[in-house]
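Heavy atoms only: backbone and side chains are in, while hydrogens, waters and symmetry mates are out. Indexing begins at 1, ligand by ligand and atom by atom, following the structure's order.
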Amino acid sequence: MLIVMKFGGTSVGSAERIAHAAQLAVDTAAQGHQVIVVTSAMSKVTDTLITAARLASSGEWDPARREELFDRHQAVADALLGGDAARRGAVVEVLGQRLDRFEKLCFGLSMVHELTPRLMDAISGTGETLSAPLLSAAIATKGRPSQAIDATELIVTNDQFGGAEPLMDETRVKAGARLKPVIERGEIPVVTGFISATADGVMTTLGRGGSDYSAAILGAVLDAHEVWIWTDVDGVMTANPSEVPEARTLADISYSEASELAYYGAKVLHYKTILPAFRQRIPVRILNSFNPSHPGTRVSVEGNPSARGVKAVTSIRGVILIAISGTGMQGIPGIVAKTFDVVAEQQANVLMISQASSENNICFVLSAAEAPRVVNALRVALEFELSRGHIEEIAAEQQVAIVAAVGDRMRGMPGVAATVFGALGSEGINVIAISQGSSERNISLVVTEREAAGAVRALHRAFQLEKPA
Ligand code: ADP
Ligand code: ASP
Ligand code: MG
């Protein structure tokens, strides 16, 4: 089998974790599989890079930032490769080159004071170019030939910096030409997650948490048999375990459940990961690198639907509810169309929409980063309606959260919504807006951010998700 395995930041967060990840890759190859590894940056490194870029753009560049990153990675090289001076020297040289580039970019930024999305990608993607050579060298020291490969040589995207979209046909050609000879020789390529490049070779990123997506893209274009996402929990769980301690691992979920969960805030998978795998029906497994004997979660077409309807509860924080309201909106055509034209022009991503049937109010949810510019643009585009009083208000509510209950079997199952509202009602949690997609695979609700954790726990309890299905 050809298996693409991705290691997240905590799974490569120290020399010990990198050695362990290397062992997992080598063991899988020893069972006769072809293995392609995709790696994230070491934990916290991407955050550090982004902070450094922001500070540099406000004129505060401190060369100590480069040294800290260099020291952390060099210490890993020493621990992993100390006994092999040649290999260690080669890796440390690469680390130095990559950090020199980072330093130059930040220095330039501190002069021009302008941080464009394009520059941010060039800087924030540095972490993966440091971890990949370390993990590759760790694999090689275990006796399996390996090479680190920058995904800028493999994944071709559009130029939507900060969240680029892959061009799958171009990627298939490039990644195939570069990776196939390597795996056919029995080597294990270690590819940088998160980063990619335009057709002209300008570095892009796939968005925060995007290494999962890198693995799925490569799995799809190389016709892999499986994609394994190694992380720090036992798979996709009935809720975020840091929020609901009694959450359980789901042994099986469907592609649609996985994408709804990821879309509605289950950080364990980047929300775009499922699509490329689903198109080719490539099974995806989510596994715990800290507990590799656990079977984890398998994502497949069937996904073993649950008789309870709801399989998991998720939440997204830091979102803004925008409400457009006015008694004069009734029967006036085009307000909805104008509203969403503005949203589209602003390239904002609508997380949820709801409209009361009285037509007095439409509301939708956007990320906090996108909301202010959309509200400004709406006030301009709907100026006429506002001045005539057709619309009384365009309001942006602060500090809300979306809480979603997800499961394929909710479809056509009566009583699910009643359980949801009963559970929140008995906790005294006020529901600000509601939406159920016509797919009936989720019910999503807006609550205050303060009540989000309570709402998630109440729903988890109401559907008895802590008990085996
Ligand atoms: P990685 O660095 O391996 O990509 P992430 O931090 O991106 O890991 O994702 C794993 C984390 O996702 C878990 O540690 C957990 O806190 C969080 N998480 C949120 N929702 C869920 C869920 N439903 N199931 C499992 N983990 C979840
Ligand atoms: N290192 C990147 C991030 O922190 C990508 C990833 O970890 O998936 O967002
Ligand atoms: Mg992640």
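Those atoms of ligand 1 with a heavy atom of Ala266 less than 4.0 angstrom away are 20 (N), 23 (N). Within ligand 1, the atoms closer than 4.0 Å to a non-hydrogen atom of Gly235 are 24 (N), 25 (C), numbered from 1 in the order shown. Less than 4.0 angstrom separates some heavy atom of Arg208 from each of these atoms of ligand 2: 3 (C), 4 (O), 9 (O). With ligand atoms numbered from 1 in the order given, ligand 2 contributes 1 (N), 2 (C), 3 (C), 4 (O) to contacts under 4.0 Å with heavy atoms of Thr46.
The heavy-atom pair separating Ile155 from Pro166 by the smallest distance is CG2-CB, 4.5 Å. Of all heavy-atom pairs between Thr204 and Ala164, the closest is CB-CB, 3.8 Å.
Of the N or O atoms in Lys6, none lie within a sub-3.5 Å distance of an N or O in ligand 2. Considering backbone and side-chain atoms together, Met237 places an N or O closer than 3.5 Å to an N or O of ligand 1. For ligand 1, the polar-atom distance check finds an N/O of Gly9 within less than 3.5 Å of one of the ligand's N/O atoms. Between Thr238 and ligand 1, no pair of N/O atoms sits closer than 3.5 Å.
For atom 14 (O) of ligand 1, the choice among Val236, Asp232, Val456 with the nearest heavy atom turns out to be Asp232. The heavy atom nearest to atom 7 (O) of ligand 2, considering only Gly209, Gly125, Ser40, is found in Ser40.
Residue contact annotation: Gly9 has no non-hydrogen atom under 4.0 Å from ligand 2. Distances shorter than 4.0 angstrom do not occur between any heavy atom of Ser11 and any atom of ligand 1. Using a 4.0 Å heavy-atom cutoff, Gly193 is absent from the residues neighbouring ligand 2. Judged by the shortest distance from any of its heavy atoms, Ala247 lies outside the 4.0 Å radius around the atoms of ligand 1.
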Open item on the list: salt bridge (charged side-chain N to carboxylate O under 4.0 Å, His left out) for Arg98 and Asp150? Distances and angles first, verdict last.
Closed with: CA-CA 12 Å; Arg98 263 99 208 253; Asp150 280 0; 2.9 Å; yes
Could you please spell out the steps behind the salt bridge (charged side-chain N to carboxylate O under 4.0 Å, His left out) verdict for Glu466 and Arg248?
CA-CA 6 Å; Glu466 71 287 358; Arg248 279 184 322 101; over 6 Å; no
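When hydrogens are left out, the protein atom nearest atom 26 (N) of ligand 1 is Val268 CB, 3.5 Å; that is the closest non-hydrogen contact. From the protein, the heavy atom lying nearest to atom 6 (O) of ligand 1 is Lys267 NZ, 2.9 Å. Residue, atom and distance of the protein heavy atom nearest to atom 21 (C) of ligand 1 are Asn240 CA, 3.7 Å. Summary of contacts: the protein heavy atom closest to atom 3 (O) of ligand 1 is Thr231 OG1, 2.7 Å. Scanning the protein heavy atoms around atom 2 (C) of ligand 2, the nearest turns out to be Glu128 OE2, 3.4 Å.
Between Val227 and Lys6 there is no side-chain heavy-atom pair separated by less than 4.5 Å.
With a 4.0 Å cut-off on non-hydrogen atoms, His270 does not touch ligand 2 at all. Only the side chain of Lys6 comes within 4.0 Å of ligand 1, counting heavy atoms alone; its backbone N, CA, C and O stay farther away. The proximity of Ser40 to ligand 1, defined as any non-hydrogen pair under 4.0 Å, does not occur for either the backbone or the side chain. When non-hydrogen atoms are compared, ligand 1 lies under 4.0 Å from the side chain of Val233 (C-beta onward) but not from its backbone. In Ser211, the parts holding a heavy atom less than 4.0 Å from any atom of ligand 2 are both the side chain and the backbone.
Here the NZ atom belonging to Lys272 is positioned 13.0 Å from the OG atom belonging to Ser259, to the nearest 0.5 angstrom. If you take OG on Ser110 and CG on Leu55, they are separated by 11.0 Å, rounding to the nearest 0.5 Å.
Classification of Arg66 and Glu103 as a salt-bridged pair holds, one side-chain N sitting under 4.0 Å from a carboxylate O. A salt bridge links Lys311 and Glu257; the closest N-O separation between the charged side-chain nitrogens and carboxylate oxygens is under 4.0 Å.
Remark: Arg461 fails to qualify as a cation-pi partner of Phe463 under the 6.0 Å distance and 45° angle criteria applied to the six-membered ring. Because its NZ or CZ atom is both nearer than 6.0 Å to the ring centre of Phe290 and within 45° of the ring axis, Arg17 counts as a cation-pi partner of that residue. Judged by the 6.0 Å and 45° rule, Arg281 forms a cation-pi pair with Phe278.
Below 30°, between 30° and 60°, or above 60°: for Trp61 and Phe102 the angle between ring planes is above 60°, a perpendicular geometry.
Within 6.0 Å of the CZ atom in Arg373, the count of heavy atoms belonging to other residues, nucleotides or ligands exceeds 12.
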